[in-house]
Every structure is written in structure tokens, then in C-alpha cells.
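For reference, the structure discussed in these notes is given below.
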Amino acid sequence: MSGIAKYNEKESFEDWKKTWEIEDRYNFRTIEKKWQKIWEDEKIYHVDIDKNKEKFYALVEFPYPSGAGLHVGHPRSYTALDVISRKKRMQGFNVLYPIGFDAFGLPAENYAIKTGIHPAVSTKANIENFTRQLKSIGLSFDWDRCISTCDPEYYKWTQWMFIQLFKHNMAYKGKMAINWCPECKVGLANEEVVNGCCERCGAPVVRKNKEQWIVAITKYADRLIDDLKDLDFVDRVKAQQINWIGRSEGAELDFEFGDDKLKVFTTRPDTAFGVTYMVLAPEHPFVQKYMNKFENPEEIKAYVEATAKKSELQRSISEEKTGVELKGIKAKNPFNGKMIPVFISDYVLTGYGTGAIMAVPAHDQRDYDFAKAFNLPIIQVLAGGDISEKAWEEDGEHINSEFLNGLNKEDGMKKAIEYAKEHGFGNSKVNFKLRDWIFSRQRYWGEPIPMVYCEKCGWQPLDEKDLPLELPYINDFLPNDEGDSPLAKATDWVNTTCPKCGGHARRETDIMPNWAGSSWYFLRYCDPHNDKEFASKESLDYWMNVDWYNGGMEHTTLHLLYSRFWHKFLYDCGYVNTKEPYKRRTSHGMILASNGEKMSKSRGNVINPDDIVENYGADAFRLYEMFIGPFEQAAMWSDESLMGVYRFVGKVYALFKKVDADIKPSEDDLRAMHKCILEVSERIDQMKFNTAVSSLMTYVNYMSGLNKIPLELYKTLLKLLAPFAPHLAEEMWARCGEKTYIVQESWPVGDKNLAADNTVTIAVQICGKMRGTIEVPMNSANEDVQKVALSLENVKKQIEGKEIRKIIVVPNRIVNIVA
RNA sequence: GGGGGUGUGGCGGAACUGGUAGACGCGCUAGACUCAAAAUCUUGUUGCCUCAGGCAGUGGGAGUUCAAGUCUCCCCACCCCUACCA
């Protein structure tokens with residue numbers, strides 16, 4: 001007798017049928033809780049390595065446990081992969097479907113500043129609440145593998161990995177102008193700056209120079225692009241990553257400037273004969289170096305200062321081109337020896353290329369605008385367009401360009417670079433928009449960076465045996481105006497000894513960004529309790545790669561790129577055996593309020609999953625999340641539509657009354673059943689969950705029309721329904737007298753022959769216009785179909801007196817009579 | 001400026017490699033049950049007309065085809081991402 005027997009309230013199908021008179025409505029509240037407890041007690045979703053079975057690793061982005069609780073958007077992704085996981089299990093796969101919490105982050109800390117409640121306390125409470133909510137919707141996670149990034153047993157390995165980055169010269173300390181949020185008093189990565197404002201609080205971001213830990217992600221830029229080729233990611237994710245990395249090929253050229261070579265990056269070295277001036281970013285080192293040689297230092301200094309005060313936003317929205325000429329020193333164009341003026345302007349950015357450009361106003365609109373504002377010459381070097389109006393940015397034959405004249409773009413580029421190489425003033429060069437990853441945060445609630453600074457030995461990593469370096473418990477989380485981390489106040493913790501020489505040293509007081517913990521969490525799921533390694537080789541060999549990873553589009557350029565990079569680094573070090581972490585990446589659309597707006601506390605239009613589960617049940621909630629619309633597109637929440645699937649749950653329950661164990665399914669019954677099996681199977685695989693649910697509805701509607709429902713038909717429905725509505729399916733499965741868990745049953749296999757119709761309705765068209773339909777046996781000969789079509793009264797009437805020129809018959813589809 | 005996407009009834013949305021446009025659900029209509037309501041079940045539901053039929057119809061306009069929501073070209077509208085990236 002299987003373990004389930006002790007939970008069965010009734011022995012058999014017949015016993016259950018007798019109870020029907022007493023309860024005629026589905027009591028989802030009791031029944032869902034009952035099965036959730038049984039599944040949990042019996043560890044039905046616990047999974048271990050089983051080399052006799054093929055593995056399947058399904059992954060969803062683990063949530064940040066915010067105080068607001070679960071959003072109805074979370075279950076869209078979680079239910080989708082739950083459906084897929086459940087189907088895969090029924091198909092015999094050994095499925096790993098884990099969950100955890102990305103538990104470090106700013107909101108908990110900001111909340112602490114406001115209320116005095118320590119982040120460790122609020123985070124713990126939030127995780128408990130999230131756990132309760134996730135369990136209430138019956139997701140088949142293996143809870144024994146639940147992890148949290150703020151757990152020292154977890155972040156020990158995040159710290160360990162940082163040390164590996166440091167040891168491989170992938171992490172370095174550098175003084176960089178960083179994005180600084182004056183409101184949060186924290187440095188931000190480019191990715192956290194939205195429209196020049198802080199992603200968290202919305203305050204305008206300014207530039208600030210600070211010593212930062214920086215991770216050299218740009219060393220992987222090429223591979224991050226190239227390796228996308230072999231991955232099954234949706235196209236828009238690939239496009240967005242490629243765009244973000246922003247690879248551009250061109251040349252680096254040296255222009256003489258004072259005693260130096262002024263380096264510029266350009267994608268169009270072939271337009272060098274059109275250069276009429278140059279521009280440096282105001283932060284360019286030459287500006288300070290030559291300050292005492294310029295004729296107008298006061299003017300220059302004033303401009304540099306003004307730029308520094310500007311926020312990213314102000315700098316990017318200014319329509320007018322501003323700048324100051326560096327009077328007294330001119331640059332020499334190496335191609336033609338011409339002396340040209342040099343300016344500083346804030347339209348040239350210090351972070352990209354060399355922070356200096358050669359300006360070709362005839363063929364670049366920004367340079368054109370600047371040249372017009374400062375009355376600079378504009379020399380056309382590409383034929384075409386009217387440069388008295390605007391810059392000509394299209395292609396054209398080279399003119400006014402000496403040895404490049406007559407060449408097209410491609411040949412011009414080649415020849416220009418060749419020339420620069422020969423004369424020793426330049427070479428081809430690839431540049432990326434992607435910058436190195438600024439890894440320091442002047443905050444409290446994050447992983448301490450396991451580094452100490454010794455006057456004698458410089459920056460030293462902690463000895464690995466001293467990990468984890470635990471976050472000290474402090475109560476004052478306010479950073480100061482200089483931007484020193486709150487940890488700087490914990491002097492006992494800061495003062496330590498150097499791991500190398502044993503002398504006095506100070507700990508790093510900055511913490512890691514919240515993207516650190518999420519960069520490798522999928523590896524920890526493989527072996528979450530290992531205290532010797534981040535995961536055993538055996539577990540990684542068995543479970544990796546992630547077969548299917550679903551998440552939001554908003555993580556495409558942040559988390560997804562970081563974790564791919566992180567994984568590649570571990571691969572290069574030999575710690576993981578796959579060069580990419582995820583085989584397949586899909587993306588779900590957002591769930592919006594009924595008016596199409598984003599759900600947010602401030603708008604007061606948030607739907608709480610708890611209310612839905614309480615009032616309609618977990619199964620109805622799950623079904624609705626799947627039925628709401630095309631999975632990859634945004635969808636609007638509608639309480640009315642939710643009623644539709646709620647009724648559907650009731651119908652499935654009510655059908656049981658008509659189920660009969662003694663009758664055999666008819667040919668029509670089997671046809672409806674096999675159609676449904678084929679459709680649901682295919683549509684789950686294609687993530688067309690909305691139409692998968694409608695197939696189930698069609699099948700249920702068919703059964704509603706029967707006086708008696710053969711048991712086999714009903715049991716097949718339950719199996720197909722099990723991934724979507726597992727509680728209902730499990731309950732009715734038991735009532736059918738079954739002594740197994742339906743979630744462990746095998747997935748039905750559809751038969752195309754049994755699903756095929758005997759007859760088809762074929763449309764009859766005359767000159768492409770529908771004039772009627774005929775019913776003929778499936779796969780009838782074309783001549784027979786033609787004959788029937790021509791015998792239609794309406795057809796006769798229409799073609800009377802006309803000559804039939806052609807008749808097109810598409811088997812089982814259409815007859816088109818051209819007259 | 002660059003990249004990606006969307007446009008179909010009153011609404012959310014279906015439609016495989018071009019082949020009966022509107023599956024499924026919501027809403028609405030009429031009916032059954034009820035003292036009544038809710039719930040449930042049954043019926044109809046793209047619009048228009050001279051209604052056993054016909055005409056129009058998938059953002060707009062051209063085109064290819066026996067046949068276009070689907071393919072090609074040109075417009076329009078909206079959404080998302082990104083942005084002075086040389």
C-alpha cells in the first residue's frame with residue numbers, strides 16, 4: 001500500500017459518488033490546504049541526484065523579499081515554470097525546481113533608517129511572509145534547497161568568489177568618477193541610473209570621484225557577445241545584451257598636442273580629412289596638465305567646474321552645444337599636417353573611448369551643431385547630401401581626401417588604418433559601451449568585501465579559512481556626506497591584522513552591490529548545504545546547465561549579463577564545467593492593473609495574491625495567471641476574467657457527478673480526449689499557456705454535453721489539468737479511487753490517428769469569396785470534393801452563365817471556383 | 001537618435017508552413033430553476049442591409065496571389081528598452 005492510502009477518506013470511487021448529495025460545491029479552502037500539507041509532509045517535491053533519470057533544471061528569478069509581500073507578477077513566472085516542471089516530472093524527468101531569496105538590498109536598509117527596525121529583523125520577517133505566500137499557491141519547489149543571499153553560509157561563497165576575482169586580477173581598486181546619488185548617499189552602477197536619476201529614489205545623479213572596487217567585466221565583452229550565438233534565448237534578450245555591450249570597430253589615432261600624443265577613438269578614420277577641430281571631455285587629464293600653458297585658464301576652469309556640478313541628466317538633456325576653446329595650443333592632424341583648434345565640451349564623455357574626439361562636422365550631427373555654434377569650418381569628405389542644412393551621415397564616395405578619394409567606406413577605412421599604421425600614429429581598435437563593473441557600495445545591508453588594507457602590504461584578501469567575514473551588527477545605518485560606509489563606524493571590526501605580515505590593517509568598509517549574490521545562486525541550488533565547497537563537482541556535473549530560465553526583461557542587462565560573466569570567470573578558473581550558465585532564457589510580460597497602469601502602492605491599485613487565494617483558491621489563481629494572455633506580453637488584471645477560470649474549476653468538480661466507471665468511451669469521446677492531450681502537451685512546451693487552458697476548457701465543455709462521462713476521459717482530464725491546478729487534480733484523482741499521487745503519474749500520450757476527424761467541413765469559395773460549406777469524408781479525393789461543391793444550390797446560382805476557368809482544391813481545407 | 005515590440009468584435013484574446021477571421025473566456029441577450037435575488041444550467045452574440053441571401057470587415061494605403069490578419073512596399077498610432085557611445 002502506498003503512503004497516500006492513510007490520507008484517503010474514502011476507499012473507492014463508488015464511496016465518493018455517494019457523498020455527492022451532501023456537498024455539491026467544491027470546497028477549495030479545505031482541500032487545497034489538505035494537499036499542501038500532504039505534499040509537504042511526504043516531501044513529494046524533494047529531489048536528489050538520480051543518475052538513472054534524465055535531469056531537468058528549471059529556474060525562476062528568486063525574489064527580493066520586500067515588505068510589500070508577493071506581487072501578482074511573481075506567480076506568473078513561477079506558475080509557468082511550475083507547469084513545465086510538473087509536466088516534465090510526469091514525463092519521467094528528475095526535475096530540480098528551486099527557490100530562494102535575494103535578501104540583501106537597499107529597501108531593507110532604508111526601511112531601517114526610517115523605522116529603526118534592523119534589516120536582519122525585517123528581512124527575516126519578509127522571508128517568512130514570502131514563504132507562506134509561495135506555499136499557499138502550491139508551487140512544486142524543493143523547499144529543502146531554499147537559500148538566502150544574506151545567510152553567512154551563503155555569502156561566505158560570494159566572498160570567496162570575490163577573492164578569486166581579486167587573485168586573477170579581475171578585481172582592482174581604482175579612483176573613478178562614479179555615479180553618486182546625493183539622496184541615498186551611495187555610488188551607483190551605470191545600470192542603476194535611470195534617465196540620469198537614481199533608480200531607487202529618483203534623485204538626480206551627480207559625478208563623484210571615489211576609490212572603488214571595480215570588476216573587469218569588459219575583459220569578457222567579446223565572449224559575452226559571441227557566445228550568445230549558441231544559446232536559446234529569445235531574440236529581444238540577445239539584441240538587448242548586444243546593444244548594451246555596444247561593440248564598435250574603428251581605430252585609435254594619435255594627434256600631436258603640446259608634447260603629447262592626443263589619442264582619439266573613431267569608427268570612421270576614413271573621414272580624417274574632414275577633421276576641423278578636436279574636443280576633449282572636461283575631465284580629460286590634458287586639461288589640467290596644460291592649464292598653465294593656455295591663454296584662457298580662468299574660462300577653462302570655470303567650464304570644468306560647471307560641468308562637474310551638472311548631473312548626468314542635466315548633461316544629457318542640454319540641447320545647446322557648449323564648450324571652451326583651449327587657446328594657445330593647437331593639435332596637428334597626422335593625415336595632412338593641418339593645425340586645428342582644440343576645445344573642451346561636455347558632449348564628449350570621459351568614460352567612453354579615450355575621452356577625446358576628432359570632430360568631423362560635415363558627417364556627424366553633434367559635431368555639426370558644435371561647429372555651427374562656434375563658427376568652425378565644415379569640410380565635406382563624403383559625396384552626397386546638402387551639408388549647408390545638416391550633417392551627411394549616410395555613405396558616399398570620398399572627396400577632398402587625397403589618397404582616399406574615390407574609395408567607398410569599407411576600402412577607405414582599410415586604407416586609412418593602413419596609412420596610420422605605416423606612419424606609426426594609429427591602429428585599428430575595438431571599443432565597448434560596457435564599462436567595468438563598479439563593485440563598491442557605501443552601504444550596510446550587503447556582503448562585506450573580504451579585503452583588508454595594510455600600510456606595508458597594500459590590499460590583501462582574507463585567508464579563505466576566515467570566511468565568512470560576517471556583517472557586524474550595528475544600529476546606525478546612515479552614511480556620512482563624504483560617502484563613507486556605515487561600517488566605518490564599527491571601529492572594533494574595522495581594525496584588524498594584515499593576513500600577510502600580521503601588522504596593523506584596516507578592513508574594507510564598502511559592501512558588495514546587490515547583484516553579487518544573484519550572480520551565482522543557481523549553482524548553490526545544486527548543493528545548498530555544502531560547507532566545503534560552493535557546490536560539489538558531482539552535483540554541478542549532474543544538474544548544470546540550467547535547462548530553462550525564465551525572468552523579467554528588466555534583468556536582461558543587469559543580472560543576466562553579470563551572472564553570465566561571473567559563470568564564465570568560474571569556468572575559466574575550472575570551478576564549473578560549462579561556459580554558459582543557462583541553455584534557454586524566456587521572459588514573461590508584466591501584470592498591469594486593469595487600466596493598463598503599473599501596479600504600485602502609490603496608485604493604490606495593487607492586487608494582493610493572498611486575497612485571490614482566499615476568495616477563489618490557489619488553483620483558480622494559477623489558472624488565471626496562465627489564462628490571462630500571451631505569456632511574453634504585458635497583461636491587464638481583470639477580476640471578471642478571473643471569474644471565468646473560477647467557474648471552470650467548479651465545472652471540473654461538478655463533472656464528477658456524471659462520471660461512470662462502467663461505460664466505454666465512444667469514438668467521438670476518444671477524439672476529443674486525444675485532441676486535448678496533443679494540444680495541451682504542445683502548448684505547454686511552447687509556453688502558450690493561455691491556449692493550453694482554453695483547450696482544457698473546450699474538452700470540459702465537450703464532457704458537459706455528455707449524459708455519462710467514461711472514467712477514462714475524466715482521469716485524462718485530471719492528468720492534463722494537474723500541472724495547472726494540482727490541488728483539484730489530486731483531490732479528484734483520489735475520488736476516482738486512485739491510490740497514487742497524480743503529480744507522480746505519467747503524462748498521457750496523444751494519438752494523432754484517434755484525434756483525427758472522420759469528416760471535414762470545407763469552405764467553398766467562388767473567386768475567393770465564401771459561398772457555402774460542404775461536409776465530406778476526411779482526405780476525400782479532389783474530384784469528389786469538386787463534385788459536391790459544384791452541386792451546392794448557392795454555387796449553381798452564382799456561377800450560372802459563367803465559364804469556370806479554374807478550380808483549386810486544397811485537401812481538407814477549401815475549394816475555390818474561379819469563374 | 002538607436003534597438004525591440006504591438007495594433008483583430010463591447011472587452012481580454014484565438015487563427016498551424018497564405019486556405020471557413022473571431023477558438024476560449026468576460027460582458028451582454030433570452031429562457032429554466034426561485035416568492036425574489038445570487039449561484040447554476042440552456043440559448044444567442046463582428047457590423048450593416050431590401051435577412052432561405054447579400055455587403056463590409058483584422059490601424060491606413062498600395063501590391064503579389066485563385067486566395068492575405070498572415071507575404072512585399074509606403075504611411076499612421078501606441079508601448080518598452082536605451083541614449084551626446086564619436
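None of these values were measured; they are calculated from a predicted model. FYI, side chains are in, hydrogens and waters are out, and symmetry mates aren't considered; it's all heavy atoms of this structure. Order of the sequence lines sets the chain letters (A, B, ...), proteins ahead of strands, with each chain counted from 1.
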Check your understanding: Given the C1' atoms of B:C26 and B:C35, what is the spacing between them in whole Å?
Key -> 31 Å
Review point. Which is true for A:Arg683 with a 4.0 Å heavy-atom rule: it touches a base, it touches only sugar-phosphate, or it touches nothing?
Key: nothing
Practice item. Give a yes/no verdict on a cation-pi contact between A:Lys321 and A:Phe370, requiring under 6.0 Å between NZ or CZ and the six-membered ring centre and an angle within 45° of the axis. Key: no
Check your understanding: Looking only at atom C1', what distance separates B:G22 and B:U72, rounded to whole Å?
Key -> 26 Å
Check your understanding: Between B:A15, B:A86, B:G12, which nucleotide has the shortest distance from any of its atoms to the side chain of A:Thr266?
Key -> B:A86
**Study point:** Side-chain N or O of A:Lys769 closer than 4.0 Å to phosphate OP1/OP2 of B:A56
**Key:** yes
Exercise for review: Provide the distance between the two C1' atoms, one in B:U70 and one in B:G63, to the nearest whole Å.
Suggested key: 15 Å
Point to revise | Lys/Arg N to Asp/Glu carboxylate O, A:Glu249 vs A:Arg247, below 4.0 Å | key: yes
Exercise for review: Please work out whether the ring planes of A:Phe286 and A:Phe257 are parallel, tilted or perpendicular, with thresholds of 30° and 60°.
Suggested key: parallel
Study note, to complete from the structure: Winner on side-chain proximity to A:Ile808, out of B:C66, B:G12, B:U20, is B:C66
Revision key, fill the gap. Winner on side-chain proximity to A:Lys651, out of B:C84, B:A86, B:C41, is B:C41
Review point. Base, sugar-phosphate, or nothing for A:Asn794, non-hydrogen atoms under 4.0 angstrom?
Key: sugar-phosphate
Review point. With under 30° as parallel and over 60° as perpendicular, where do the rings of A:Tyr646 and A:Phe28 fit, or are they tilted in between?
Key: perpendicular
Exercise for review: Keeping the roles fixed (side chain from A:Asp254, backbone from A:Leu262), state whether a donor-acceptor pair exists under 3.5 Å.
Suggested key: no
Exercise for review: Indicate, with a heavy-atom threshold strictly under 4.0 Å, whether A:Arg236 touches base, sugar-phosphate, or nothing.
Suggested key: sugar-phosphate
Check your understanding: Base, sugar-phosphate alone, or nothing: which one does A:Val818 contact when heavy atoms must sit under 4.0 Å apart?
Key -> sugar-phosphate
Review point. When you compare B:C81 with B:U43, how far apart are their P atoms, in angstrom units rounded to a whole number?
Key: 46 Å
Review point. What are the two closest heavy atoms between A:Cys676 and A:Leu720, and how far apart are they?
Key: SG-CD1, 3.7 Å
Check your understanding: What's the closest nucleotide to the A:Gln765 side chain, out of B:A21, B:C81, B:C84?
Key -> B:A21
Practice item. Pick the C1' atom in B:U46 and in B:G9, then give their distance to the nearest Å. Key: 5 Å
Review point. Considering only side-chain heavy atoms of A:Thr698, which listed nucleotide, B:C66, B:C24, B:A86, is closest?
Key: B:C24
**Study point:** Distance-only donor-acceptor check, side chains A:Ser695 and A:Glu679, under 3.5 Å
**Key:** yes
Check your understanding: Is the centre of the A:Phe425 ring less than 6.0 Å from the centre of the A:Phe335 ring?
Key -> yes
Review point. So what does A:Ile242 touch, heavy atoms closer than 4.0 Å: a base, only the sugar-phosphate, or nothing?
Key: nothing
Revision key, fill the gap. Closest to the side chain of A:Asn816, out of B:C55, B:U82, B:G19, is B:G19
Check your understanding: When we call it a touch if two heavy atoms are under 4.0 Å apart, what does A:Arg647 touch: a base, just sugar-phosphate, or nothing?
Key -> sugar-phosphate
Check your understanding: In dot-bracket form, how is RNA chain B paired, counting a Watson-Crick or G-U wobble pair only if both its distances are under 3.5 Å and using | for bases paired to another strand?
Key -> (((((((..(((......[....)))((.(((.......))).))((((...))))..(((((..]....))))))))))))....
**Study point:** Side-chain donor or acceptor of A:Arg76 paired with backbone N/O of A:Gly589 under 3.5 Å
**Key:** yes
Check your understanding: Heavy atoms under 4.0 Å, any strand shown: does A:Thr761 hit a base, just sugar-phosphate, or nothing?
Key -> base
Point to revise | Closest to the A:Ala239 side chain, choosing from B:U82, B:G4, B:A86 | key: B:G4
Check your understanding: With sugar-phosphate meaning primed atoms plus P, OP1 and OP2, does A:Asn701 contact a base, only sugar-phosphate, or nothing at under 4.0 Å between heavy atoms?
Key -> sugar-phosphate
Check your understanding: From B:G19, B:U6, B:C84, pick the nucleotide closest to the side chain of A:Gln633?
Key -> B:U6
Practice item. Answer with base, sugar-phosphate or nothing: what part of the nucleic acid does A:Lys598 contact at a heavy-atom distance below 4.0 Å? Key: nothing
Check your understanding: Say you pick atom C1' in B:U6 and the same atom in B:G13; how far apart are they, in whole Å?
Key -> 14 Å
Practice item. Pick base, sugar-phosphate or nothing for A:Phe627, based on heavy-atom distances below 4.0 Å to the nucleic acid. Key: base
Practice item. Compare the minimum distances between each of B:C24, B:G4, B:A14 and the side chain of A:Asn690, then state the nucleotide with the smallest one. Key: B:A14
